[in-house]
Amino acid sequence: MKTLRYALARLGGMVLVLLIVAFCTFVVFYLVPSDPALLACGKPCTPENLALAREFMGFDEPWWQQFLTFLGGIFTGRTFGTGATAIHCAAPCFGYSFRQNADVLELIGDRLPVTFSLAIGAAVLWVGVGVAIGVYAALRKDSWFDRAALAGSVIGVSAPVYLVGLLGILVLGFQLNVVPVGNYTAFSEDPVRWAWGLVLPWCVLAFAHGAHYVKLTRSQMLETMSEDFIRTARAKGVPERTVVGKHALRNVLLPVVTLTGIEFGSLLGGAVITERVFSLPGLGGLLIEAVHARDLPTLLGCTLFAGFLVVVANAVVDLSYGVLDPRARLT
């Protein structure tokens, strides 16, 4: 029962945050000076044509009514215009791009597999390698490995992603020609080429994000290994591998899970810089194209979708706390 109440409380909080995110995102993008109806009006754009465009797109209503209509479209769908020229956007409707004549969610769906492929591969690398290096560095404190790990983490945190990416392309892609550059292949077409084409972007993101995990895991591991329950386990003759792997590492994983959820959710919203550097057709590229074209419906839908992913990722992290640490269910 406590677990159920814990899950319902977290899910209720997630819904509330999503509503706030939707409201703030809508206000920011639909109260800016740029008028999507003016951009879709065409040339010459007479006042009559502009009024018809605004009515067709639903921008002739008060902003609060536009927000309620937009929110309702997420759950029930939405129809733009009337008669033979009407355009229906099925639920969940995150808007309609009149520049590309496509449902925004369809545009997101076409790009999401690329961004998801980039995020999941990089996350596996940065969590696995970062945590392993952090744990080993803590167990070998003040050794050459510990100092090298700290130095590498400082470089990883400080170096811009675009700089590391460009250096990787220049050295590994062009000079040594060991990895392909700008050649994305869908997983369904060829899994091997899919993975090989993403090796360099995965490594670049893993280097940048994994540095945080090395520092976090090392500091948490050093703190945990000095706790009384660790000394008690050792005094009872528990093997060192069990002390580290079962008792210490489980406590270290709590902040690691938090950081992973936040970064993975943010990355799913579009790794704009990385996708741009490696010419990957993901959500980041869709956002850049929408900005250049001043396609506000697409920009709004992508931003709201990214916020949704971040909120969901944080909710998953909160629920996982109850599994990793039963004490969290009581808070």
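Computed from a predicted model, the values in this text were never measured in an experiment.
Within a 6.0 Å sphere centred on OH of Tyr162, heavy atoms belonging to other residues, nucleotides or ligands number 12 at most. Around atom CZ of Phe308, no more than 12 heavy atoms belonging to other residues, nucleotides or ligands sit under 6.0 Å away.
Between His209 and Trp126, the ring-plane angle classifies as parallel under the 30° and 60° cut-offs. The aromatic rings of Phe264 and Phe116 lie perpendicular to each other, with more than 60° between the two planes, well past the 30° mark.
The two residues Tyr184 and Pro113 come nearest to each other via the heavy atoms OH-O, 4.0 Å. The two residues Val131 and Tyr213 have their closest heavy-atom pair at N-CB, 4.4 Å. The nearest pair of heavy atoms linking Arg111 to Gly282 is NH1-O, 3.2 Å. Contact between Ala22 and Leu304 at its shortest, heavy atoms only, is CA-CD1, 3.5 Å. Closest approach of Val104 and Pro297 over heavy atoms only: CG2-O, 3.8 Å. When all heavy atoms of Tyr96 and Asn101 are compared, the closest pair comes out as OH-C, 3.1 Å.
Considering only heavy atoms from C-beta on, Thr79 stays 4.5 Å or farther from Ile87 through its side chain.
A salt bridge does not link Arg218 to Glu223: none of the charged side-chain nitrogens sits closer than 4.0 Å to a carboxylate oxygen.
Ring pair Phe98/Phe80: centre-to-centre distance below 6.0 Å.
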query = Run the side-chain contact (heavy atoms from CB on, under 4.5 Å) check on Leu166 and Leu170 step by step: do they pass?
reply = CA-CA 6 Å; Leu166 291 175; Leu170 178 63; over 6 Å; no
key: Residues Trp202, Trp196; criterion ring-ring contact (aromatic ring centres under 6.0 Å, His included); working and verdict   = CA-CA 10 Å; Trp202 282 345; Trp196 188 237; over 10 Å; no
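One distance of note links CG of Leu107 with CG of Leu112; it measures 12.5 Å at 0.5 Å rounding. Between Arg78 atom CZ and Cys93 atom SG the span is 6.5 Å, to the nearest 0.5 Å.
Ser97 and Asp295 share a side-chain donor-acceptor pair at under 3.5 Å.
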